Each structure stands twice: as structure tokens, then as C-alpha cells.
Amino acid sequence: MADFSVRHSLADLEEYEVETIDADIVVNANESNYPLPAVVRQDIAARMQDFSYNRYPPMKCETLCALLAEQLGIDTDKVRVGNGSSELLQMACYAFGGAGRKIAVPYPSFSMYGVYAQMSDSEVLHYPLTVDGYLDADAVLRFCRDEQPDLLILNNPNNPTGNYNPLPVVEAIIAGAGCPVIVDEAYMEFAKGDGVDPRDLRPLGQLKLVVGSALALLHKYSNFLVYRTFSKAYSMAGLRVGYAVGSSLMTKILGKTLLPYHVNGYSLLCAMACLTHRDAFAPQIGEIRDQRDLMAQNLEDMGMQVWPSQTNFLCYRPAGRLQELLARAYDQKYGPNNLSQPSKAGKYLFKALLEDKILLRDFTEHPALPGCLRQSVGLPGENAVVLGKLRALCRAIVGNEEI
């Protein structure tokens with residue numbers, strides 16, 4: 001059999017994998033468990049009556065770029081659309097990285113940042129977040145001065161911890177980084193951020209789309225791109241549409257890496273319908289926020305350490321005496337092994353829920369998040385079921401013991 005070789009940067013790269021087990025409640029991928037609002041589905045159906053199956057889609061997604069620009073109150077050339085924001089992340093690494101260049105990514109954060117950087121033959125630099133998962137602007141800027149990255153990636157709110165970083169923190173980093181910056185805001189619609197320049201004269205309807213976001217800084221800096229997606233708040237994970245917004249200089253560089261006709265016509269049509277009826281998503285976004293906060297309180301009451309989240313998911317792990325008892329239960333059921341106590345405790349809950357066909361994301365062996373589970377906010381009934389199962393498991397393990 002022939003022995004094929006690949007580029008050095010790909011030789012030790014593993015394929016991205018998540019659990020794909022059949023489950024009744026799926027809350028492991030940070031998708032929206034809410035369907036598209038009826039008005040959006042109706043609009044899509046109407047648009048499909050005249051859909052040109054035989055024609056290529058707009059070469060550079062011009063129609064969707066124009067609508068996004070109109071809603072944000074910016075020029076169309078400041079917007080680029082991609083086949084999911086993941087494509088745009090990958091292409092930014094190709095544009096600003098490469099052999100002999102450095103890309104700095106947060107840790108712990110979205111694991112694919114490092115993968116995209118590695119695929120571009122770049123040197124991957126990890127800069128740490130605080131113990132609680134936040135950006136420390138001074139520490140990040142010191143890191144940039146010492147390491148001189150060619151591209152810096154920020155994740156706000158951060159995945160998998162859920163932390164939202166206030167706009168002044170992000171602005172300080174953009175202003176002082178000395179290199180291009182990507183601000184990945186995939187979950188920003190779920191954050192209750194504040195902050196916008198009082199000199200910004202855009203109408204209120206446009207300002208509400210940039211409050212708390214680095215989008216509010218577009219008129220001040222030319223070295224950054226803000227990334228957004230339709231996969232989370234807009235219930236379109238299956239259609240893969242994302243977009244980047246920034247200065248004309250940055251979007252022109254990014255555009256050089258994008259192939260013609262790179263987003264299919266149906267996905268663009270659905271994204272147009274979503275944007276046209278953007279306000280129709282407000283009720284379910286509000287409910288997700290409320291459910292998230294309710295779940296966090298319930299988990300803390302059970303004895304979990306819960307990271308502060310402004311996303312559509314929660315990151316948590318058993319703490320204190322509960323952790324000790326769950327780890328002991330893990331050994332009794334699965335046999336002793338080399339896992340740490342936090343990892344055993346979290347994995348016991350993960351496995352028990354999986355037996356009930358409830359799929360969470362398993363971070364229990366993550367070096368920076370030992371014992372952690374990440375749970376997307378599902379529909380209210382789904383959330384109640386998951387919390388009920390967790391509460392029953394914890395009570396069964398704890399018994400009458402005070403924790």
C-alpha cells in the first residue's frame with residue numbers, strides 16, 4: 001500500500017469530533033432547540049416559489065451583505081458572509097497567518113481556533129484567560145508585546161465557559177494589540193451587554209444591534225473583524241451561514257481567501273428571511289436567557305460550581321463534598337482509574353444522563369476544566385427534565401448527608 005505524506009502541520013492533527021449518540025434530549029452542541037418562528041418559515045416558503053435552482057447564488061453573497069449593512073448602518077463593503085462563521089475563521093488564519101507567522105488564541109476556549117491556525121501552517125500561541133474565564137486586558141497586551149502575534153483571536157462571550165467581557169475590556173485589547181484582531185461574537189445575542197459611543201448617530205434600531213458588542217467600535221479602529229453567526233440565536237445551524245464585519249481594509253483582505261459562490265443559494269435565502277424578521281426571534285432569545293439563569297441557580301443549589309454565562313449554555317461541575325461522593329460512586333460503578341476526582345465526578349453524571357438518552361458535552365478531562373459539563377439551554381420542558389435527572393442523581397448519591 002502506498003505511503004502518502006502530508007504537510008507537517010497536518011501530520012498530528014486529529015479530526016474534530018463530538019458525541020453523535022442517538023438521544024432524546026440533545027444539549028451538547030450549543031444549537032438552538034427552538035424552531036424558526038412561524039413568520040420566518042412562511043417567508044422562506046414564499047421566497048422559494050421563485051427560487052432559481054439552475055443558477056449560481058450571488059458570487060460574493062452580495063444580497064445578504066447589503067441587508068446586513070443596511071441593518072447595521074454601515075457600508076456594504078464592510079461585510080463578508082461565509083459558509084458558517086467557521087469558514088471565515090479558517091480563512092482569516094490563511095489571510096493573516098502562514099509559515100513563520102504566529103496566531104494567538106484564548107485558552108480555554110473554542111478548540112477549533114488552534115486547529116484553523118495549525119491548518120494554515122501558523123505557530124499557535126495560547127494566551128490564558130483568568131481563573132474565572134475572563135479576558136484580562138493588561139495580561140493579553142503584555143502577551144502581545146512579548147510574543148508579537150500576527151493575528152489575535154478573542155471569543156466574547158467565551159465558549160465553553162460562557163463569560164461575557166465588557167466592551168471597554170475588548171476595546172483596550174483592540175487598541176493596543178498591534179496586530180489584526182478577530183472578535184468572535186457567536187453568542188452575543190444572548191448577552192445583556194452595554195456600551196456604545198455616545199457620538200454614534202445611528203438610529204436607535206441600529207444602535208440596539210451593536211450595544212455591548214465590538215460592532216460599536218467600527219468607526220474607531222480599522223484593525224479588527226467582528227464575527228457573528230445564524231447558527232445560535234437564529235436557529236439556522238443546519239444551513240451554515242455566518243458573517244464578518246470590519247473596516248474595508250480588513251474585509252478586503254478576508255475576501256481574497258473566499259471562493260466564488262461559496263455559500264449556497266438556499267442558505268442565503270433563509271438568512272435573508274431571518275434578518276427581515278429579526279424581531280421575531282426576540283421572545284425565544286429572552287426565554288433562553290431566563291431559562292439559563294434559572295438553570296444556573298438550580299445547579300448551584302445542587303452543589304455545582306457554575307461559570308457565569310451570557311450565552312445559550314452553561315458550564316458547570318460538581319464541587320466540594322458532592323464532587324467527592326460522585327467520584328467515589330464512579331469508582332464503585334466503573335472501577336478505579338487514573339482520572340482526577342473532579343473528572344470522575346463529572347463523568348459519572350455525564351454517563352448517567354446518557355443512559356437516560358440525554359446528551360451533554362463532556363469536558364470532564366479538559367486540562368483547564370476538569371470535571372466540567374457543558375449544557376445548552378433547551379426548551380423549557382427539556383431543561384426541567386435534565387435538572388430533574390441531575391437532582392435525583394445527586395440526592396441518590398448524597399443521601400441524608402449534608403453537603
Side-chain angles (χ1 to χ4, degrees), residues 15-36 111 159-162 187 190 231-233 235-239 284 287-307 309 311-319 322-323 325-335 337 339 342-366 369-399:
E15 287 189 74
Y16 183 80
E17 293 184 2
V18 295
E19 301 88 359
T20 55
I21 303 162
D22 181 42
D24 295 332
I25 297 179
V26 178
V27 284
N28 72 320
N30 297 347
E31 305 151 315
S32 175
N33 284 23
Y34 288 74
L36 288 172
S111 63
N159 172 25
T161 57
Y187 303 94
F190 302 106
S231 296
K232 310 302 181 183
S235 300
M236 273 183 45
L239 295 177
Q284 63 194 52
E287 186 168 77
I288 289 170
R289 289 172 173 168
D290 292 343
Q291 286 286 303
R292 174 196 67 207
D293 296 343
L294 178 63
M295 288 167 60
Q297 185 59 61
N298 273 269
L299 290 166
E300 288 177 353
D301 291 345
M302 290 179 209
M304 306 289 180
Q305 176 188 359
V306 183
W307 271 252
S309 175
T311 64
N312 68 334
F313 62 84
L314 292 169
C315 179
Y316 60 91
R317 66 181 168 202
L322 176 63
Q323 181 186 106
L325 294 172
L326 285 169
R328 185 185 303 169
Y330 180 92
D331 283 341
Q332 291 171 350
K333 185 169 183 177
Y334 301 106
N337 57 31
L339 292 177
S343 295
K344 290 179 181 179
K347 200 168 287 291
Y348 181 88
L349 293 178
F350 176 80
K351 287 176 172 290
L353 288 172
L354 198 56
E355 290 175 2
D356 284 331
K357 291 197 170 185
I358 297 172
L359 181 58
L360 277 60
R361 185 66 187 274
D362 182 2
F363 279 91
T364 57
E365 296 182 62
H366 191 292
L369 300 167
C372 282
L373 301 171
R374 193 191 67 193
Q375 178 181 338
S376 308
V377 179
L379 300 175
E382 294 174 324
N383 302 331
V385 170
V386 178
L387 287 173
K389 298 285 187 181
L390 283 169
R391 191 175 294 110
L393 284 167
C394 292
R395 285 176 176 168
I397 294 299
V398 173

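Just so you know, these numbers come straight off a predicted model, no measurement behind them. Atoms considered below: every heavy atom in the structure, side chains included; atoms not considered: hydrogens, waters and symmetry mates.
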> Show, in sequence, the C-alpha distance, side-chain angles and deciding distance for E31 and R361, and conclude whether the salt bridge (charged side-chain N to carboxylate O under 4.0 Å, His left out) test is met.
CA-CA 12 Å; E31 305 151 315; R361 185 66 187 274; over 6 Å; no
> Are R391 and N298 close enough, and set up right, to give a side chain to side chain donor-acceptor pair (under 3.5 Å), and what steps lead you there?
CA-CA 9 Å; R391 191 175 294 110; N298 273 269; 2.7 Å; yes
> Do Y187 and F313 have ring centres separated by under 6.0 Å?
yes
> Indicate the atoms forming the closest heavy-atom contact of L314 with A296, along with that distance.
CD1-N, 3.6 Å
> If only side-chain N and O atoms count, and only distance matters, is there a donor-acceptor pair under 3.5 Å linking Y316 with Q305?
no
> Flag the pair E382 and K389 as a salt bridge only when some basic side-chain nitrogen lies within less than 4.0 angstrom of an acidic carboxylate oxygen.
no
> What heavy-atom pair brings A233 and Q284 nearest, and what distance separates the two atoms?
O-NE2, 4.2 Å
> Closest approach of L369 and P160, non-hydrogen atoms and distance?
CD1-CG, 3.6 Å
> Do P318 and M304 touch side chain to side chain, with heavy atoms closer than 4.5 Å?
yes
> Check whether any side-chain N or O of N337 sits under 3.5 Å from a backbone N or O of L339 as a donor-acceptor pair, and report yes or no.
yes
> Can you tell me how far apart CH2 (W307) and OG1 (T161) are? Round to the nearest 0.5 Å.
8.5 Å
> Rounded at 0.5 Å granularity, tell me how far CD1 in I288 sits from OH in Y34.
5.0 Å
> What is the distance from atom CG of L294 to atom CG of L387, rounded to the nearest 0.5 Å?
7.0 Å
> Which heavy atom of S32 sits nearest to which heavy atom of S235, and what is that distance?
OG-OG, 3.2 Å
> Show, in sequence, the C-alpha distance, side-chain angles and deciding distance for L359 and D22, and conclude whether the side chain to side chain contact (heavy atoms under 4.5 Å, CB included) test is met.
CA-CA 8 Å; L359 181 58; D22 181 42; over 6 Å; no
> At what distance, to the nearest 0.5 angstrom, does CG of N28 lie from CD of Q375?
10.5 Å
> I want to check something: taking the side chain as every heavy atom from C-beta on, are L322 and C394 in contact at a cut-off of under 4.5 Å?
yes
> Between R317 and L349, is there a side-chain heavy-atom distance shorter than 4.5 Å?
no
> Any idea which heavy atoms bring L373 and G346 closest together, and the distance?
CD2-O, 3.8 Å
> Do C372 and H366 come close enough that some side-chain heavy atom pair is under 4.5 Å?
no
> Let's go through Q297 and D293 carefully: what are the C-alpha distance in whole Å and the side-chain angles of both, what is the deciding distance for side chain to side chain donor-acceptor pair (under 3.5 Å) to 0.1 Å, and is it a yes or a no?
CA-CA 6 Å; Q297 185 59 61; D293 296 343; over 6 Å; no
> Would you please say whether a donor-acceptor pair under 3.5 Å links the side chains of R289 and N312?
no
> If you measure from CD on Q291 to OG on S376, what distance do you get to the nearest 0.5 Å?
13.5 Å
> For the side chain of D24 and the backbone of K357, is there at least one donor-acceptor N/O pair under 3.5 Å apart?
no
> Could you measure the distance from the CG atom of N33 to the CG atom of N383? Nearest 0.5 Å is fine.
8.0 Å
> Return the minimal non-hydrogen interatomic distance between L326 and Y348, and the atom names on each side.
CD2-CD2, 3.7 Å
> Per the salt bridge (charged side-chain N to carboxylate O under 4.0 Å, His left out) rule, what does the pair list look like for residues 342-351, sequence neighbours excluded?
D331-K344, K347-D362, K347-E365
